[in-house]
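Structure record follows, encoded as structure tokens.
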Amino acid sequence: NVTNAGLRASLGVTTSGGGNSMGAKAMLALRLRQLGCAGITLSSDENWDLHSNEDQGLPPRAADTGRAIAGLVDHMSRIPDPFDDGKTLLDTTVITVMTDFNRGNWGAGNGFNGGQGSDHSTDEDKTALQCIPIVGGTLPGGKILGQVGNDGSAVGASPVYETRQLLATVLDVMGIAPGSYFPGIN
């Protein structure tokens with residue numbers, strides 16, 4: 001059994017609901033999933049648009065989000081799915097972490113602008129790269145598809161996938177024919 005007190009402790013949520021806001025949302029999402037809710041979207045309350053002081057502002061945001069994801073994966077792997085005998089919630093749930101855009105100032109050398117932030121540099125191909133973890137469901141784990149080096153460039157012959165290819169993969173893992181939403185997708 002996963003208690004609310006145990007969830008709060010692992011997700012960084014106080015008894016009054018404060019602390020890690022992404023953890024609180026993850027806690028609610030877990031309980032909704034236990035009740036059979038098929039689709040849940042969590043959105044950060046934090047402003048991630050860090051044009052300055054990204055070196056200071058990004059780590060706590062990333063830590064809270066990472067803690068929420070890790071907590072979801074951990075707890076869902078231990079909670080039986082009430083609607084699918086012999087499976088856990090993690091077996092029957094797909095967790096995807098996405099963003100709506102990328103950032104970079106790679107022309108400046110280190111990816112940061114003069115204010116230690118990053119901007120929307122559409123003229124740089126490196127801003128098209130982002131890390132999008134997909135966890136759970138029937139997706140085989142332990143794979144990295146495409147790698148990005150410390151300078152923001154694709155490593156070697158790493159493939160670059162489009163957002164629609166990612167979404168098609170998520171649909172496929174959920175048992176939905178990707179072609180119905182993305183005709184001609186590979």
Side-chain angles (χ1 to χ4, degrees), residues 2 7 10-11 20-49 61-62 64-104 120 122 124-149 152-186:
V2 175
L7 282 173
S10 70
L11 297 171
N20 182 357
S21 66
M22 282 300 289
K25 290 178 181 184
M27 188 173 168
L28 177 59
L30 178 66
R31 294 306 189 203
L32 288 171
R33 185 66 190 99
Q34 281 183 287
L35 293 171
C37 187
I40 303 165
T41 300
L42 305 181
S43 180
S44 176
D45 293 333
E46 297 289 338
N47 180 358
W48 291 69
D49 199 19
R61 288 166 175 80
D64 284 349
T65 300
R67 186 173 189 177
I69 296 165
L72 275 175
V73 170
D74 176 49
H75 292 296
M76 292 178 96
S77 71
R78 295 185 284 123
I79 298 174
D81 187 316
F83 304 102
D84 202 336
D85 287 339
K87 294 189 176 183
T88 67
L89 286 178
L90 188 60
D91 294 330
T92 60
T93 305
V94 178
I95 300 171
T96 306
V97 182
M98 293 183 66
T99 181
D100 59 341
F101 60 85
N102 279 310
R103 311 174 68 88
H120 316 281
T122 57
E124 294 183 6
D125 63 345
K126 294 177 186 177
T127 62
L129 305 175
Q130 58 182 302
C131 176
I132 302 174
I134 307 173
V135 180
T138 60
L139 190 70
K143 295 184 179 183
I144 296 175
L145 304 174
Q147 293 179 311
V148 178
S153 296
V155 173
S158 288
V160 175
Y161 297 95
E162 297 176 11
T163 301
R164 66 188 192 110
Q165 289 173 300
L166 166 78
L167 295 173
T169 299
V170 171
L171 289 173
D172 187 50
V173 169
M174 292 171 56
I176 299 169
S180 60
Y181 289 91
F182 303 103
I185 193 79
N186 294 331

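Positions are given from 1 along the sequence.
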- Item | Flag side-chain contact, heavy atom, 4.5 Å: Val135 against Leu90 | yes
- Do the side chains of Leu89 and Pro82 get nearer than 4.5 Å, heavy atoms only? yes
- Message: Under a 3.5 Å threshold, yes or no: a donor from one side chain and an acceptor from the other, between Thr169 and Asp172?
- Response: no
- Which pair of non-hydrogen atoms, one from Arg31 and one from Val2, has the smallest distance, and what is that distance? NH2-O, 2.8 Å
- Which atom names give the shortest non-hydrogen contact between Pro178 and Ala168, and what distance separates them? CG-O, 3.4 Å
- Message: Counting C-beta onward and ignoring hydrogens, is there a side-chain heavy-atom pair between Asp81 and Asp91 closer than 4.5 Å?
- Response: no
- Given side chains that start at C-beta, do those of Leu167 and Phe182 come closer than 4.5 Å, heavy atoms only? yes
- Would you mind reporting whether Phe83 and Leu35 have side-chain heavy atoms less than 4.5 Å apart? no
- Item | From CG (Leu72) to CE (Met22), nearest 0.5 Å | 8.5 Å
- Other residues, nucleotides, ligands: >12 heavy atoms within 6.0 Å of Tyr181 OH: no
- Main-chain N/O of Asn47 paired with Arg61 side-chain donor or acceptor, under 3.5 Å: yes
- Item | Flag, side chain of Ser10 to backbone of Leu7, donor-acceptor distance under 3.5 Å | yes
- Task: Please list, chain by chain and in numerical order, all residues satisfying side-chain contact (heavy atoms from CB on, under 4.5 Å) with Asp45, sequence neighbours excluded.
- Result: Ser21, Lys25
- Hey, could you give me the CD1/CD distance between Ile79 and Gln34, rounded to the nearest 0.5 Å? 4.5 Å
- Please report the shortest heavy-atom distance between Leu11 and Gly23, naming the atom on each side. CD1-O, 3.4 Å
- Message: Looking only at side-chain N and O atoms, does Asp84 offer a donor or acceptor that is under 3.5 Å from a partner on Thr92?
- Response: no
- Task: Report yes or no: do Thr93 and Arg33 form a side-chain donor-acceptor pair below 3.5 Å?
- Result: yes
- So, does Asp64 use its side chain to make a donor-acceptor pair with the main chain of Asn20 at under 3.5 Å? no
- Item | Gln165 side chain near Ile185 side chain, heavy-atom distance below 4.5 Å | yes
- Query: For Leu30 and Met76, what are the C-alpha separation, side-chain angles and deciding distance, and is it a side-chain contact (heavy atoms from CB on, under 4.5 Å)?
  - Reply: CA-CA 7 Å; Leu30 178 66; Met76 292 178 96; 3.4 Å; yes
